[in-house]
Novice: 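Would you mind keeping the following structure in view while I ask a few things?
Note that ligands are numbered from 1 as they come in the structure, with each ligand's atoms numbered from 1 the same way. Quantities reported herein were computed from a predicted structural model and do not represent experimental measurements.
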Amino acid sequence: MRLKDKVAIVTGAASGIGQAIAQVFAREGAKVIVADINDEGGRETVDLITGEGGTAVFGHTDVSVFEETKSMIAYAVDSFGGIHVLVNNAAYLKDFKPVTDTTEEEWDASLDVTLKGVFLCSKAVIPEMIKAGGGSIINIASVGGLVGFASYAAYCSAKGGVIQLTKSLAIDYGRHNIRVNAICPGPIDTPTTPEAQDEKLHQWQRDMTVLGRTASPEEVAYPALFLASDESSFITGSNLVVDGGWTIR
Ligand SMILES: NC(=O)c1ccc[n+]([C@@H]2O[C@H](COP(=O)([O-])OP(=O)(O)OC[C@H]3O[C@@H](n4cnc5c(N)ncnc54)[C@H](O)[C@@H]3O)[C@@H](O)[C@H]2O)c1
């Protein structure tokens, strides 16, 4: 059990990659707080975990609202006595457009969840991690934070920010034994991406990788498990690219 006696919060865990991370962490002994705005999906994740004998609770949380992130942390501490791992996975996954078609409201909504949400959840959790003697924060960024994509202006901007925020957090809190790392997934088969709805886009994704395929959410969950566990104890400020080789050429 690689996360025995650890308490982990996973945001956006009602679906896709976050749900897989929550399940893998629970199988490795973590007590998991499933945080999401999707109550039905969040409860489904909890049921999947408890159905396998794991421990999880759901907390309705909008990561773009500081009061809600503070309540999420308080709920975790009340439920399980402390927090050791935070996975900032929630993101705003709609309104993919070029800049001239993007409204100010869409830009703000995207940045508020995808970038500010990482800031707010980290700000809320760090005092608890300091109390616990350290912790691991894992920020799910994207290859869209490394290279540009057509019609993904706000998303790519936010994900580039997540990669930079990861480094700043790592520098500021390293002496408190808090490690902060990012993961940049490439094409992962989850329900809500535009590529999942369109076979031509899906084929394009497969062609873009060196491995010639897309990946399952579990193929991001295991790298996250590594970064959450003590196996990565000297790794901080890094960006683990999990993209089947998409960005190497
Ligand atoms: N699927 C991919 O190909 C891919 C590639 C690169 C990066 N990513 C990143 O992985 C992460 C998960 O994406 P996914 O594909 O699993 O998507 P998903 O839609 O399956 O899951 C996203 C979850 O975030 C939740 N969420 C949205 N706004 C929220 C908010 N304000 N507060 C709390 N929760 C909120 C949603 O309800 C949903 O459960 C995202 O950060 C995404 O950018 C995904």
Novice: Taking CD in E104 as the centre, count heavy atoms belonging to other residues, nucleotides or ligands within less than 6.0 Å. Is the count above 12?
Specialist: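 Atom CD in E104 is not crowded, with 12 or fewer foreign heavy atoms closer than 6.0 Å.
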
Novice: Judged by modelled atom types alone, do Q19 and E44 share a side-chain donor-acceptor pair under 3.5 Å?
Specialist: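 Yes, because at least one side-chain N or O of Q19 sits under 3.5 Å from a partner of the opposite role on E44.
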
Novice: If the criterion is any heavy atom closer than 4.0 Å to an atom of ligand 1, which residues make the list?
Specialist: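 Protein residues near ligand 1 are G12, A14, S15, G16, I17, D36, I37, N38, T61, D62, V63, N89, A90, A91, L93, V113, I140, A141, S142, Y155, K159, P185, G186, P187, I188, T190, P191, T192, T193.
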
Novice: So, T11 versus N89: side-chain donor-acceptor pair below 3.5 Å or not?
Specialist: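 Their side chains do not contain a donor-acceptor pair, so the 3.5 Å distance test is not met.
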
Novice: More than 12 non-hydrogen atoms from neighbouring residues, nucleotides or ligands closer than 6.0 Å to CD on E231, yes or no?
Specialist: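 Correct, the count exceeds 12.
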
Novice: Looking only at the side chains, is there a donor atom on one of N38 and H60 sitting less than 3.5 Å from an acceptor on the other?
Specialist: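 Absent: no donor and acceptor within the cut-off.
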
Novice: Distance from E218 atom CD to D189 atom CG, nearest 0.5 Å?
Specialist: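 Nearest 0.5 Å value for the CD-CG distance: 10.5 Å.
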
